[in-house]
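Read through the structure below, which is laid out as structure tokens, and then see the notes.
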Amino acid sequence: MKIALNIIYCAPGRVGGTQTYAEHLMAEIAKADSVNEYIVYANKDGAKVAIPNAPNFSVVICPVDAKNLASRYVFEQLELPKRLKADNVDVCFSLGYVCPLRLPVASVVCIHDVNFIALKDAMSPWKRLVFGYFVRQSAIRADHVLTVSEFSKQEITERIGVRAEKTTVTLLGPRDYKPNAVTKAEIVLKYGLSKPYLIAFSSHSDHKNMPRLLESFATIIDDFPHDLVLVGRVPSDGKLDHCIRELGLSDRVVVTGYVPDEHVMPLIRYADLFVFPSYYEGFGLPALDAQLAGTAIASSSAGSLPEVLGDGAEYFDPFSVNDMATVLRDCLSDEGLRNDLVQKGKANLGRFSWKTTATKTLDVLHSYKQGNPR
């Protein structure tokens, strides 16, 4: 059987969790299946994506700049189907929301969430229109839809109208982690972390809820010695920097800028608390990473997060600064609570592995023989 893996959407440094998904899933597929042939269709930056070096994997670099959405869609819709036919593919699996809408072979697409609907105000009208059109049509026209949580499945069913039986949930797994690969002393020196700290992931996206996190943190700083570490770059529009200054947090917030992969888990591990304030998540991989690192979590109660984190987190209303501050205060003041959350988080991790993600994905892909829909 010949299976196409369409990852031409993967623009390293721009697509975040969907690249993590693609890389981990492909690695596990390569371990699990040495019989069938896999052709990975990547864009010009394909060399920057971790594609398995396995005998049954080959790579086709397509003349596409993934950062140019229009050119990507033109190629994906008009040229990719021709290549799939010429390569005699049985099934095409598109890993990033959108698939070719007219395919000569069976089609499976992973739709991670419906952010173009839930977060429509955060997108430009043009992107919302174009991206939304292609995601909706992909969901409707594909032979099968994969998604990453029961929350996202419900969203796809209710908001797009896809039949529930056409959608399969493949929960994700935490990242690879080797404890003690980077010491605490190295992390403290590298990022200037002289105090105990809370940690969160910064983002330019409004739904990550950074301003409310800063507001809630500002209400508790007099009672705790902790700094707040924001991993990653802050938005270039200066709004978050302005918020930090206005709240008087300039000497209590550390913005790391770009962080190499090998530093992410140690930064989480050495924090007293991981905070996930997002008000919309299809899965929430960083929070799962925090459970793996053994760090207590204070999390938003929105989206898929309660489903994913189970009882291994203390939850707050992401739209309430007071509620968020109360939970942060409770967690930081109660070491016993934090230790309890860590233990529950470790137990919760038993539900997740990339091996299981790959097994469920392969069950769907292998059900298509010679390109025939099930």
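When reading the values below, keep in mind they use all heavy atoms of this one structure, side chains included, and skip hydrogens, waters and symmetry mates. Just so you know, residue 1 is the first one in the sequence shown, and it goes up from there.
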Discussion item. Which residues pass the side-chain contact (heavy atoms from CB on, under 4.5 Å) test with Val254, not counting sequence neighbours?
Written reply: Leu193, Asp227, Val229

Worksheet item: With distance as the sole criterion, is a donor-acceptor pair present between the side chains of Gln154 and Thr157 under 3.5 Å?
Response: no

Worksheet item: Sequence neighbours excluded, which residues qualify as ring-ring contact (aromatic ring centres under 6.0 Å, His included) partners of Tyr9?
Response: none

Worksheet, complete the sentence: Cluster membership besides Leu78, Ile/Leu/Val/Met/Phe/Trp/Tyr side chains within less than 4.5 angstrom, sorted by chain and number, is Val74

Discussion item. Please confirm whether the ring centroid of Tyr280 lies under 6.0 Å from the ring centroid of Phe151.
Written reply: yes

Item to complete: For the residue pair Thr18 and His112, confirm or rule out a side-chain donor-acceptor distance under 3.5 Å.
Response: no

Item to complete: Determine whether the aromatic ring centres of Tyr368 and His144 lie less than 6.0 Å apart.
Response: no

Practice prompt. Just jot down the ring-ring contact (aromatic ring centres under 6.0 Å, His included) partners of Phe93, sequence neighbours excluded, or say none.
Written response: none

Discussion item. Once salt bridge (charged side-chain N to carboxylate O under 4.0 Å, His left out) is applied, what residue pairs with a partner in residues 257-279 remain, sequence neighbours excluded?
Written reply: none

Practice prompt. Describe, in one word, how the ring planes of Phe352 and Phe283 are oriented to each other, choosing from parallel (under 30°), tilted (30 to 60°) and perpendicular (over 60°).
Written response: perpendicular

Worksheet item: If you look at every heavy atom in Pro12 and Val49, which pair is closest and at what distance?
Response: CG-CG2, 4.0 Å

Discussion item. Checking Lys31 now: which residues fulfil side-chain contact (heavy atoms from CB on, under 4.5 Å) with it, not counting sequence neighbours?
Written reply: Glu28

Worksheet item: Just by distance, with hydrogens left out, do His207 and Asn115 show a side-chain donor and acceptor under 3.5 Å apart?
Response: no

Worksheet entry | Flag side-chain contact, heavy atom, 4.5 Å: Asp113 against Tyr97 | yes

Item to complete: Using the six-membered ring wherever Trp is involved, compare the ring planes of Phe274 and Phe276 and label them parallel, tilted or perpendicular (cut-offs 30° and 60°).
Response: tilted

Item to complete: Indicate yes or no: does Lys344 engage Asp340 in a salt bridge with an N to O separation below 4.0 Å.
Response: yes

Worksheet item: Which residues satisfy the side-chain contact (heavy atoms from CB on, under 4.5 Å) test with Ala142, sequence neighbours excluded?
Response: Cys99, Ser107, Val109

Worksheet item: How would you list all residue pairs meeting side chain to side chain donor-acceptor pair (under 3.5 Å) that involve residues 40-61, not counting sequence neighbours?
Response: Tyr41-Asp87

Discussion item. I need the full list of salt bridge (charged side-chain N to carboxylate O under 4.0 Å, His left out) pairs touching residues 307-336, with sequence neighbours left out, sorted by first then second residue.
Written reply: Asp223-Arg329

Item to complete: May I ask you to check whether over 12 heavy atoms, not counting those of Lys195, lie within 6.0 Å of atom NZ?
Response: yes

Practice prompt. With sequence neighbours excluded, tell me which residues meet side-chain contact (heavy atoms from CB on, under 4.5 Å) with Val264.
Written response: Arg175, Phe201, Val259, Ile268

Worksheet item: What residue pairs, at least two apart or across chains, pass salt bridge (charged side-chain N to carboxylate O under 4.0 Å, His left out) with a residue in residues 145-156?
Response: Glu155-Arg159

Practice prompt. Share the residues that join Leu189 in a hydrophobic cluster, the rule being Ile, Leu, Val, Met, Phe, Trp or Tyr side chains under 4.5 Å apart at the heavy-atom level.
Written response: none

Worksheet item: Does a salt bridge link Arg212 with Glu215, judged by any charged N lying under 4.0 Å from a carboxylate O?
Response: no

Fill in: No-hydrogen, no-angle side-chain donor-acceptor test under 3.5 Å, Asp33 and Asn36
yes

Discussion item. Can you confirm whether more than 12 heavy atoms, excluding those of Lys2, are under 6.0 Å from its NZ atom?
Written reply: yes

